[in-house]
Each structure stands twice: as C-alpha cells, then as structure tokens.
Amino acid sequence: MGHFIPLSVPNLKGKELDYVTHAVETEWVSTAGPYISDFEHNIAKYVGASEAVACQSGTAGLHLALIACGISRGDEVIVPTLTFIAAVNPVKYLEAEPVFMDCDDSLAMDPYKLEEFCKQECYFKENILFNKKSGRQIKAIIVVHIFGNMADMERIMQIAQRYNLKVIEDATEALGTYYISGMYKDKFAGTIGDIGVYSFNGNKIITTGGGGMIVSNNKEYINRCRYLSTQAKDDTLYFLHDEIGYNYRMTNLQAALGLAQLEQLESFISTKQTNYMDYQSHGIPLLKFRDTIRPNYWFYSYLTHERDNLLQYLSNQNIQTRPIWRLIHTLRPYKEAQAYNIEKALYYYDHVLNLPCSTNLTGNEVAVVVNEISKFVKNN
Ligand SMILES: *Cc1c(COP(=O)(O)O)cnc(C)c1O
C-alpha cells in the first residue's frame, strides 16, 4: 500500500517561519502587533474591499457580521441546508431563527427557490419581509460559496434588494474566487453582499492555524465588528465598556502565518487548477465550477452512486476522501426549524465524495487516486 494521501492539509513552505520567528523575536505574539494590520490591509487589497477586520475564526467573523447587520433575538435568517454548520450556528448564538433553503447545481443557495419562498411563503409590508408561517421578520440571507464555487450572486442580490434583506457572504471556502463576466465582473466572493467572511482554518486554501477575516465596504459595519471583536472597549486606559463585546481578535502570530500564506495564494490556486484538470484528463469527472467565474478550485467533488463503498475502499488504500456534510436541517439542533422544499441538496448529499486536493498534492499522487477510483469503478 502507498503512503497516506490526505484530503486537504496545510502547505507552509513560503515565508511562514520567517514571519512567525520575527513575531516571536520582537515579542509581539498577542492581539496587537504590526502583522495584524498588514494582513487586514493585504486581504482587503487582494479582494478589492475597502476594509477588513481580522478575527479568531470564520465562525467568530460570521457571528460579528450578523450583529453588524442588525440580527437579533426573534429575527429570521435564510440559510442553506447544504453547508458546514458554522455558517448557521451564529444565527442561534443571537437567538434568531434559521429558515433552510435548497441548493442549485453550484451547491450554493438556489435563487429560484429563494424567490419562490419570498413570494409565496412571505408577505412584504412597509419594506419588511414577514414569514407567513411564523409571523417573524426575515432580515437577512447567509449565502455560502461552497467548495470554491460562487453562488448565483446576480439573482440573489436582486431578490435581496427587492425584499430589503441584508446579504452576508460566507466566503470561507472561496477566498480568491471572482467573477470574470456579467454585472459583477472582477468582483471577489465576499465583496458583493453587505459583508463577507473568510476563514483560515487548517483545511482552507490559506491557513493561520485558526483565524478569520471580515470584509465590507460599509465603514459602519467594519467599525462595529472591530469594536465588538476587542471586548467593546471604549477607553483603553480606564477600560470603559458600553456594550458586551467578545474576545475575537486575531493574534500577531496568526497574522504572521496569514501574510506569508497570502503571498502564495495565487500559486496555490494555480496548483489546485492543474490538479483539478489532471483528475479530469485522466477520466475522473469532477463537479464543474460556474463558467462565469475564476474559481479558487478549493475542493474537488466527484459524483458517485457508491459514495460510502468508494470512501471505504479508498480509505483502505490509504487515500482520504470525505462526503459532503450532513444537511443541517436534519441535525438535532435544527430539526424543528423551517426547511423550504429541500430536494437537490438531498441528491448531492448522497452522491458527492470529495477527493484529495491539497496544494502539496503531486501529479504522482493524483495518478494513484485516479488509478484506485478506476479499479473500484471497474469492479462495481
Ligand atoms: C470553514 C468554514 C466555516 C468556519 O470557519 P472556521 O474558521 O473554522 O470557524 C464557516 N462556514 C463554512 C462554509 C466553512 O467551510
């Protein structure tokens, strides 16, 4: 049996050690220090947002983004069911309620169902959208760009504008993805809605070990997120706090890693693209990215009727793969929540298996994975 081929692991062969060493040598290791603002600045510049706020995780970023958008107790937020649970939990942190929406073939939120839901299951009165069933106000949509693809932002933004809904983009998996045509040409995932969030968890396209970033062109949102991420401190000498804040700030150590990783992001994307093409040219069809975008090629999704058997077979060959997440509306904390006409998400849940996609993945390793999948397909 060959060596272990992981699904998605960090690649730290740039200036990471230099920058982290510098942070340690200068003893700026905590939530202040020059790398933090440099990292914020460089991310904002890279994605074309006016400002960014670095925080401890993507989840923390989403929590703050929801607060900035005015989500509070008893409000409703439309969310995808096909996503990682961290996109939804922050709604509950605020004692607001999720309404689950289906996906389209990009795996992100289906704009047609979203529109149908707003039209048929809600009423719009004095510029406020109310859910007929619950009577509650719907304030926002959390759009998640799944696996490096882009949601149909043109349609989703139109619907959001029509019904006065805020749009929070969970772009944790899509840093580097942008439109190459259409009305959002050159716009990056995370910069189209009201506020966007990235994650630098260990399995993401760039990593800080753990970390996140909020971006927005709305100065008020940015200031509010920065304030709340640093314990809502109104006076740094006398420690006055007018609100309840959070300890969500990123550390200079994390930012040191992040800066070095960001320098390599475009080369990571090009490696991921090469490997993505490589799988396909060897006869392994992968889920397509929207053709109006330059994706970041984060994850490679293979569709199979034999998901569990193939997963087990590859695992026996020392190859790590992963099914899609269990749909959130079927999980215990969310079983009582409203789910609108979920169909496609069920299909993709049953059929997607994600294949090794690290930026460390070599051509030889791709060949090994391809060979094992072909063997499995031939025998089943
Ligand atoms: C990774 C991820 C998050 C959370 O990011 P963390 O930094 O791990 O908190 C949120 N949403 C989605 C879709 C993710 O993939």
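Start at 1 and go down the list; that is how both ligands and their atoms are numbered.
For ligand 1, the atoms lying closer than 4.0 Å to a non-hydrogen atom of T83 are 13 (C). Counting atoms of ligand 1 from 1 in the listed order, those under 4.0 Å from a heavy atom of S57 are 7 (O), 9 (O). Within ligand 1, counting atoms from 1 as listed, the ones closer than 4.0 Å to a heavy atom of G58 are 5 (O), 6 (P), 7 (O), 9 (O). The contact set between ligand 1 and G211, taken as ligand atoms under 4.0 Å from a residue heavy atom, comprises 7 (O). Listed by number with element, the atoms of ligand 1 under 4.0 Å from a non-hydrogen atom of A86 are 3 (C), 4 (C), 10 (C). For ligand 1 and V144, the ligand atoms under 4.0 Å from any heavy atom of the residue are 13 (C).
Y123 OH: more than 12 foreign heavy atoms inside a 6.0 Å radius. The environment of K13 atom NZ is dense: over 12 non-hydrogen atoms of other residues, nucleotides or ligands sit within 6.0 angstrom. For CD1 of I85, the number of neighbouring non-hydrogen atoms (other residues, nucleotides, ligands) closer than 6.0 Å is greater than 12.
In summary, E51 and K219 engage in a salt bridge, as defined by a charged side-chain N under 4.0 Å from a carboxylate O. Here E115 does not pair with R155 in a salt bridge; the nearest charged N to carboxylate O distance is not below 4.0 Å. The existence of a salt bridge linking K132 and E121 is excluded, since no basic side-chain nitrogen approaches an acidic carboxylate oxygen closer than 4.0 Å.
The closest approach between a heavy atom of G61 and any atom of ligand 1 is not below 4.0 Å.
Within the set M213, K204, Q56, H63, the minimum heavy-atom distance to atom 2 (C) of ligand 1 is found for K204.
In terms of polar-atom proximity, L62 is not counted as a contact of ligand 1, lacking any N or O under 3.5 Å from an N or O of the ligand. At under 3.5 Å, a nitrogen or oxygen of T59, whether backbone or side chain, sits near a nitrogen or oxygen of ligand 1. Residue contacts with ligand 1: D170 is placed with a nitrogen or oxygen under 3.5 Å of a nitrogen or oxygen of the ligand (distance criterion only).
Protein heavy atom at the shortest distance from atom 5 (O) of ligand 1 is S199 OG, 3.2 Å. Atom 15 (O) of ligand 1 has its closest protein heavy atom at E173 OE2, 2.5 Å. Of all protein heavy atoms, the one lying nearest to atom 12 (C) of ligand 1 is T172 OG1, 2.9 Å.
Remark: Q120 pairs with E116, Y340 by the side-chain contact (heavy atoms from CB on, under 4.5 Å) rule, at least two apart or across chains.
Using modelled atom types, one finds no donor on one side chain facing an acceptor on the other under 3.5 Å when comparing E243 with Q231.
Each of F147, Y178, Y276 was compared with F289 under the ring pair (Phe, Tyr, Trp, His ring centres under 6.0 Å) criterion, and only Y276 meets it.
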